[in-house]
Amino acid sequence: MELDIAAAEDSLRLYEHLARLGDAHAYTPEACAVFADEIAAIERLKRERNAVVLAHNYQRPEIFEVADFIGDSLELARQATQVDADVIVFCGVHFMAESAKILNPEKTVLLPDLRAGCSLAESVTAERLAERKAELKAIYPDLAVVAYVNTSADVKAESDVCCTSSNAVRIVNALPNRNILFIPDENLAHYVQRNTDKTIIAWDGNCYVHHQITPEEILAVKARLPHVKVLAHPECRTDVLALADAVMSTSGMVEYAAKSSDTEFLVVTECGLSDRLLLELPEKKFYKACKLCRYMKMITLADTLEALRSMRHAIVLDENVRQGAERALRRMFELG
Ligand code: SF4
């Protein structure tokens, strides 16, 4: 009986918390009761298995409830090296779980749904990169390959150093090389080019989520709300970034919004970040010019619970590939 009362209280608390998102259709009392049970079961299994949950900023709001740490790619990569746990459950997409495994070969890293890939990471393969590198090195002997972390482990292993959206400019400027092949996001490559005097050669990939956001959408919101501060992710198109008050990574946006004296923001990135901001900074207003990432949203509480229960979907890497990718990631930590 006491257990029933505690469960009902947890469910009500969750319902009231998620009501701030204004999505009455998704977060009904019934849905929140199911989520509350799953959250309690995940917390029990985390203790039993000495596991932690790392969650990317683009995850579903209910996933944030079981996360030991929420962040962007750089923060999660760093966090993965510091966790004192036997098991990491990675609520994000495949390349992120791979990065956690690259840096923690002795730990078990679980991805709740193996279909959670990334259109950007899939735009480059190690074979195509090796060919392009050979072509370009004939013209630019000092060429260095800078790989955005949104790449597979074997692509990282073929690269000189990794970067994230928050340190890309810093990494490029810290390298001794003048000529940089920047893979795979063309929009981020163009953003870096505007912030360095080095030669940046862009790959022809993009994130389908950010690339579909248009300047017209931003202008329409600005026409209605001229005072709103526009925060945009550098994976957006150049003509969208030109309309932004600040261009930064997702966690950069969280910090900026928390510290800013402004109170109303237009968040131009994947919608999960707007949800995180709405839940964490209820005193401020966040308008969404965002799109959903179908890969990020494949991760559910039910699959997270099942991954922990049956220890399924462990990331396995070839050791040579892992070591090559680790070299590129660790160089990023040294430089940036
Ligand atoms: S938001 Fe874009 S870059 Fe991030 S996982 Fe989705 S498709 Fe990949």
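Order of appearance sets the numbers: ligands from 1, and atoms from 1 within every ligand.
Atom 2 (Fe) of ligand 1 has C207 SG, 2.3 Å as its closest protein atom, hydrogens excluded (heavy atom only). Considering only non-hydrogen protein atoms, atom 6 (Fe) of ligand 1 sits nearest to C293 SG, 2.4 Å.
Salt-bridge check for E75 with R78: failed, with every basic side-chain N at 4.0 Å or more from each acidic carboxylate O. We find that R115 and D303 are not joined by a salt bridge, their nearest charged nitrogen and carboxylate oxygen being 4.0 Å or further apart.
Atom 8 (Fe) of ligand 1 has C118 among its coordinating residues (N/O/S atom, backbone or side chain, under 2.8 Å).
Those atoms of ligand 1 with a heavy atom of N150 less than 4.0 angstrom away are 3 (S). Distances below 4.0 Å separate heavy atoms of S119 from the following atoms of ligand 1: 7 (S).
Here the side chains of K288 and V267 are not in contact, with every heavy-atom distance at 4.5 Å or above.
Aromatic ring pairs are classed by plane angle as parallel below 30°, tilted from 30° to 60° and perpendicular above 60°; the pair Y256 and F265 is perpendicular. In this pair, Y295 and Y208 present their aromatic rings perpendicular. The plane angle is above 60°, beyond the 30 to 60° band.
Ligand 1 has E235 within reach: a non-hydrogen atom of the residue lies less than 4.0 Å from it.
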